[in-house]
Amino acid sequence: METLQHDIAAAANFSDDSEDDSQRPTPEEAPIVAGVDQAFDDETATSALVIMQSGEVIERVHATEPTEIPYIPGLLSFREGGAILSAFKELETEPDVVLVDGSGRIHFREAGLATHIGVTLDIPTVGVAKSLLCGQPRRSLSEPLPEGTRVAIEADGDVTAPEGTVIGHAVQTRQYNSDSRYINPLYVSPGHQVSAETAADIVESQSSEYKLPEPTRLADSYAGELTRR
DNA sequence: GCGACAG
DNA sequence: ATCTTGTCGC
């Protein structure tokens with residue numbers, strides 16, 4: 001599994017350059033953004049995909065697959081990847097970018113779930129995680145960050161990338177204006193065919209009332225209501 | 001051996 | 001991820 005991840009990282013493109021920029025949306029048209037999230041029960045994983053454009057849901061699909069392995073930090077792709085790929089087979093729309101719940105380049109071998117899915121399907125992906133798997137924030141995150149702040153996450157000894165490489169960002173999409181209550185940042189990283197900066201830009205552009213970008217939030221609740229039945 | 005660790 | 005009530009703050 002680790003060997004496969006090294007191959008995936010080698011095939012990944014952590015920049016905004018594309019082999020065929022023919023399909024990229026012109027600045028005139030709003031991008032089609034997908035959100036994916038999984039929910040589990042005793043022995044299956046259900047993946048929910050929500051596709052949005054201009055604030056509207058234009059397609060929604062899901063798929064369920066048996067859970068093969070337990071959760072192991074660094075190997076999430078092998079637990080959730082199958083169901084996600086099955087859900088994509090049901091999809092008719094071609095998203096311009098996919099927001100994946102989990103890390104992309106912020107991963108020991110630079111091959112988190114978002115990167116795994118992006119390389120496998122050859123589509124642009126962004127990793128959106130609620131906690132940090134590895135890497136070192138450029139500055140302390142112990143104090144609440146103001147809304148709109150982003151702090152670079154650099155590779156340290158736990159990551160295959162050269163030390164100091166920016167592998168993602170802590171992104172504060174929402175924040176309270178209170179002393180006793182605060183919101184933690186999201187950890188955004190490139191999955192495939194997207195740079196660390198663009199990944200953070202996309203997440204910010206898709207977030208509005210809540211901390212999570214809208215496609216991710218809707219996929220989250222959709223997956224939840226599918227499994228609790 | 002010890003610590004750290006997406007969902 | 002999942003198990004769940006109360007509680008804080010606008």
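Predicted model, so just to flag it, every value in this text is computed and none were measured.
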So, the side chain of A/K130 versus the backbone of A/N184: is there a donor-acceptor pair under 3.5 Å, distance only? no
Is there any salt bridge (charged side-chain N to carboxylate O under 4.0 Å, His left out) pair reaching into residues 158-174 of chain A, and which pairs are they, with sequence neighbours excluded? A/E147-A/R174
Is there a donor-acceptor pair under 3.5 Å between the side chain of A/S103 and the backbone N or O of A/G127? no
Within residues 216-227 of chain A, which residues have any heavy atom lying less than 4.0 Å from an atom of DNA chain B? none
Could you list, one pair per line, each protein nitrogen or oxygen that sits under 3.5 Å from a nitrogen or oxygen of nucleotides 4-9 of chain C, together with the distance?
unit_1 : atom_1 : unit_2 : atom_2 : d
C/dC8  : O2     : A/R181 : NH2    : 3.1
C/dG9  : OP1    : A/S180 : OG     : 2.5

Counting C-beta onward and ignoring hydrogens, is there a side-chain heavy-atom pair between A/P213 and A/T173 closer than 4.5 Å? no
Does any part of the side chain of A/E80, heavy atoms only, come nearer than 4.5 Å to the side chain of A/V36, both counted from C-beta? no
Are any of the side-chain heavy atoms of A/H169 and A/L186 separated by less than 4.5 Å? no
Joint cluster assignment, A/V128 & A/V50, ILVMFWY side-chain distance < 4.5 Å: no
Leading and trailing nucleotides of DNA chain B with any atom under 4.0 Å from heavy atoms of chain A: B/dC5 to B/dG7
Would you classify A/S131 as touching base, sugar-phosphate or nothing, given that sugar-phosphate means primed atoms plus P, OP1 and OP2, and contacts are heavy atoms under 4.0 Å? sugar-phosphate
A/D41/A/R229 ion pair, N-O < 4.0 Å: no
Hey, is CD on A/E225 packed in by over 12 heavy atoms from elsewhere, all under 6.0 Å? yes
Do the non-hydrogen side-chain atoms of A/L85 and A/L121 ever get within less than 4.5 Å of each other? yes
Do A/D201 and A/S205 touch side chain to side chain, with heavy atoms closer than 4.5 Å? no
Under 4.5 Å between side-chain heavy atoms, counting indirect links through other Ile/Leu/Val/Met/Phe/Trp/Tyr residues: same cluster for A/I8 and A/I84 or not? no
Taking everything shown except A/E143 itself, do over 12 heavy atoms lie less than 6.0 Å from its CD? no
Would you check if the side chain of A/E59 reaches a backbone N or O of A/T93 as a donor-acceptor pair within less than 3.5 Å? yes
Base-paired stems that DNA chain C participates in, counting runs of 3 or more Watson-Crick or G-U pairs under 3.5 Å: none
Please work out which residues in residues 63-82 of chain A have a non-hydrogen atom less than 4.0 Å from an atom of DNA chain B and list them by number. A/Y71, A/P73, A/G74, A/L75, A/L76, A/E80
Across the strands shown, which category fits A/A45 at heavy-atom distances under 4.0 angstrom: base, sugar-phosphate, nothing? nothing
Can you tell me if A/T149 and A/Q172 form a side-chain donor-acceptor pair at under 3.5 Å? no
